[in-house]
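All values derive from a computational prediction rather than experimental measurement.
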Amino acid sequence: MKGAAIAGIGATEFSKDSGRSELRLAAEAALSALADAGLKPSDVDGMVSFTMDTNSEIALARELGVPELSFFSRVNYGGGAACATVQHAAMAVATGAAEVVLCYRAFNERSGHRFGRVSTAAALTVENSWSYPMGLGTPAGTVAMVARRYMHEYGATSEDFGRVAVTMRAHAATNPRAWFHGRPITLAEHQNSRWITEPLHLLDCCQESDGAVALVVTSTSRARDLPRPPVLVRAAAQGSGPDQYVMASYYREDLAALPEMNLVGRQLWRQSGLEPSDVDVAVLYDHFTPYVLIQLEELGFCGRGEARHFLAEQGIGLDGRLPVNPHGGQLGEAYIHGMNGIAEAVRQVRGDSVNQVNGVRHVLVTAGTGVPTSGLVLGV
Amino acid sequence: MITDEAERIAALGPSPRRPARDAVNPAMINNWTEALGDGNSAYPELAPPAMVQVWTMRGLHPAAEEHDPLAAMSAVLDEAGYTSVVATNCEQTYHRYLRPGEHVSVSSVLDAVVGPKRTALGEGWFVTTRSTWFVGDEPVAEMLFRILKFKPGNKSTASALQPTVSRDTEFFWQGTKLGELRVQRCSACGVVRHPPGPMCPRCNALDPGYVVATGLGEVFSYVVHHHPPVPGRELPYVVALVELSEGVRMLGELVGVPPDEVRVGLPVRVGFRPVGEFVLPVWEAR
Ligand SMILES: [Zn+2]
C-alpha cells in the first residue's frame with residue numbers, strides 16, 4: 001500500500017443520544033477531519049463509507065459543499081468495513097482515481113437503530129434463515145456460540161474474557177472522550193454482571209453509541225505538505241475465509257477461530273515487512289471480548305489457544321507486552337464500528353494520544369470480527 | 001400429547017350430574033334481578049333463564065371434582081406451559097323457565113380442543129365444553145363454553161421470526177413439514193452440505209439432491225440466551241449448534257433440557273416445532 005497516508009482525523013462527541021441527524025453527525029466529523037488535515041471541502045474528490053451507513057456520499061458532499069467526486073465506494077459487512085475504507089481510499093489515491101478521500105461512519109446506533117436488538121429486517125435473508133428463526137438473532141448470541149466452543153477446546157474461562165473488559169475500561173477511565181471515562185471496572189464486577197447470552201456477561205459486550213468519525217486519506221507526498229505529520233498506511237488488507245458467513249460461520253471445520261483475520265494478518269505482515277514483535281500498539285476490534293483473544297492468536301501474537309496466558313502473563317495494558325486499545329476500545333470509548341480505533345491509531349503514531357504509549361512506530365488496527373474483515377498497519 | 005389427553009378426556013363422555021347446592025329460590029332470584037336492574041314482574045315467581053349457571057356455581061371453596069372435563073383439560077395445558085386463560089365464547093340455550101323449588105343438576109363434556117394457535121395473546125389452545133342442566137331427567141338448558149389457554153408473557157409469538165425460503169432451500173422446509181430433516185447431498189459427487197446452496201462447492205455440479213438425516217447428533221456448541229427479548233420466545237432458552245451423524249452442523253433450539261445441564265457433546269435427536277406456516281427443527285436430549 002505504497003504512497004498513501006492519513007492526513008486528518010475528526011469526530012463528534014460519543015454519546016447515547018446525539019440529538020441530531022446522522023447526516024449532521026457525518027458532516028460535523030468530516031469538517032473536523034478536513035480542518036485537522038488543513039484542507040477544505042473543495043479539496044475532497046473521493047469518499048468511502050460502509051454499506052450500512054445511511055448517509056450517501058452525495059448527501060455528505062452536498063452538505064460540505066464538495067463540488068465534484070471522482071471516486072466513491074462502499075465496503076460491505078458491518079464493522080468489517082472499517083479498515084477497508086482506508087484501504088479503498090489508499091488504492092484510489094495510488095491509482096490516481098482521487099487525490100483526497102474522506103472515509104466516514106456516522107450513526108445514532110444507541111438512540112436510533114440499535115444493533116444489539118434482534119433485527120427482524122436482517123432475519124429476512126435466506127442466509128440468516130439458518131440462524132435467526134432458530135433463536136440466534138443477536139450479535140452477542142452469534143459470538144457466544146464461538147466463545148463456548150473456544151472455552152471447550154482451549155480451557156479459557158469467563159474470567160479470561162473479563163481481563164479484556166477490565167483492561168479496556170481501565171484505558172477508557174483516563175480518556176476524557178470515552179463514554180466510560182472515570183469508570184473502571186473490576187474482574188468481580190465483570191463476573192457479577194448479568195448474562196446477555198451465556199457465556200457472555202453484559203460486560204463482555206461493547207456499548208451502543210451515537211457518534212461519527214471521519215478520516216482524510218491522501219498521497220504521502222501531499223500529506224507531507226500539510227500541517228500534521230503524515231501517518232503512513234504501511235499495509236492495508238481485506239479478508240474473507242472459507243465457507244464465510246456474517247457472524248455465523250459455524251459450518252467450517254474450526255469453529256474457535258477467525259481465518260478471515262488470519263488472512264488479513266498474513267497480508268499485513270507481508271506488505272509491511274513487519275512481524276508481530278514489531279507492533280508497538282494494537283487496536284483490536286472489541287465488540288465482544290472473546291474475539292480479542294482469538295485475534296491475538298490469528299495475528300500471530302501467541303499460539304492457538306494461548307491468548308489467555310498472553311493476557312495474564314504478557315498483558316495488554318498500557319504497560320503490558322502489547323498495549324491494546326489505549327483509547328479504551330469499543331468496550332470503553334465508543335462503538336463507532338471500528339472507525340474510532342483507526343483515529344486512536346493515528347494519534348498513537350502522531351504521539352498525541354491521552355494514553356500515549358512511548359516510542360510508537362507501528363500500530364496494527366483490525367476491523368469487525370466474525371464477519372469478512374480488514375486491517376491496517378499505520379506507521380511513521 | 002395434548003391431543004392425546006384431549007381425546008382421552010373427551011372419551012370419558014359427560015360427567016356425572018352434579019346437583020346444585022340449593023333449590024331454585026326467590027331470595028337468590030331477587031338478589032340477582034336487583035343487581036342486574038331487571039324489573040321484569042314475572043320474577044321471582046319464575047327464575048330468569050340466564051341464571052341457570054348460578055344455581056350450580058360451586059361456591060368459594062369448591063371440593064375437587066372427580067370428573068370435570070374443563071378442569072382436567074386445563075390441568076393438562078397448565079402442565080404444558082399454557083397457564084393463562086381467557087374465556088372467548090359462552091352460548092346458552094334455554095328450554096323453559098325454572099320455578100322456585102326445582103332442583104337442577106349439571107353435566108359437562110369436553111367437546112373440542114384445538115391448537116396450538118397463534119393469537120394476539122400468544123400461542124394457545126381453544127378448549128370447548130358443553131354443559132347441560134337437568135331437572136330430574138329433563139334437560140332445561142345448555143351451554144357451549146370456550147376458553148383460550150395460552151402461554152403467558154409470550155405475546156410476541158405472533159411475530160416469531162420465520163425463515164425466508166429460496167428455490168435452493170425450499171426442499172429443507174418442505175422436509176420439516178413432513179417430519180424429515182433433509183441434508184443437501186450433491187447428486188454428482190455425494191458430498192453432504194448444510195446450509196444448502198445451488199452449486200456444489202466441491203465439484204461445481206448444479207445437481208443438488210438430499211438425504212433424510214437420522215436426526216441424531218451431538219451438541220458441538222451452545223448458548224443460553226437471556227437478553228434481549230426475542231420475538232416468539234420465552235427467556236432464557238438454549239440454542240445448540242449440533243453436529244449430525246451425517247457430518248454437517250445445524251442450528252436449532254434445544255428444548256426440554258435445563259440450561260445448566262447442557263454441555264458440549266450432549267447426544268440429541270431432532271424434533272419438529274411448528275411456527276406459523278413453517279416447521280422448525282429443534283433438538284431434544286436422547
Ligand atoms: Zn459435488
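- Taking the side chain as every heavy atom from C-beta outward, B:His226 and A:Ile196 never approach each other to under 4.5 Å.
- Contact of the A:Arg194 side chain with the B:His227 side chain is registered, since non-hydrogen atoms from C-beta on lie closer than 4.5 Å.
- In this structure, the separation between NE2 on A:His152 and OH on B:Tyr222 is 10.0 Å, given to the nearest 0.5 Å.
- Residues of residues 167-174 of chain B having a heavy atom under 4.5 Å from any heavy atom of chain A, listed by number: B:Thr169, B:Phe172, B:Trp173.
- The residue among B:Ser166, B:Pro195, B:Pro281 with the most heavy atom pairs within less than 4.5 Å of chain A is B:Pro195.
- The shortest distance between side-chain heavy atoms of A:Trp195 and B:Val224 does not fall below 4.5 Å.
- Note: B:Asp260 CG to A:Glu198 CD = 8.5 Å, rounded to the nearest 0.5 Å.
- Heavy-atom pairs under 4.5 Å with chain B were tallied for A:Gly137, A:Gly141, A:Ala144, A:Ala140; the largest tally goes to A:Ala144.
- The nearest pair of heavy atoms linking B:Ser221 to A:Arg149 is OG-N, 3.4 Å.
- The candidate from A:Met134, A:Arg117, A:Glu127 with the greatest count of non-hydrogen atom pairs under 4.5 Å with chain B is A:Met134.
- Proximity to chain B (any heavy atom under 4.5 Å) is restricted, for A:Thr138, to the side chain, taken from C-beta onward.
- Heavy atoms from other residues, nucleotides or ligands lying under 6.0 Å from OH of A:Tyr77 number 12 at most.
- B:Arg249 contributes atom CZ, which lies 9.5 Å from atom OH of A:Tyr251 (distance to the nearest 0.5 angstrom).
- Taking CG of B:Leu241 as the reference point, atom CG of A:Leu255 lies at 6.0 Å (rounded to 0.5 Å).
- Within the 4.5 Å cutoff, the side chain of B:Glu253 has no heavy atoms near those of the A:Leu136 side chain.
- Residues B:Gln162 and A:Pro133 have side chains not in contact (no heavy-atom distance under 4.5 Å, counting atoms from C-beta outward).
- With a 4.5 angstrom heavy-atom cutoff, A:Arg252 touches chain B only via backbone atoms.
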Full working for side chain to side chain contact (heavy atoms under 4.5 Å, CB included) between B:Val239 and A:Met145: CA-CA 9 Å; B:Val239 181; A:Met145 191 68 77; 4.1 Å; yes

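- The side-chain heavy atoms of B:Thr164 and A:Tyr132, taken from C-beta on, include no pair separated by under 4.5 Å.
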- request: Applying ring-ring contact (aromatic ring centres under 6.0 Å, His included), run through B:His194 and A:Trp130 and close with a yes or a no.
  value: CA-CA 9 Å; B:His194 183 84; A:Trp130 307 111; 4.8 Å; yes

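- For the pair A:Ser129/B:Val165, no side-chain contact is recorded, criterion being any heavy-atom separation below 4.5 Å from C-beta on.
- With B:Tyr237 contributing its side chain and A:Gly135 its backbone, the two residues share a donor-acceptor pair below 3.5 Å.
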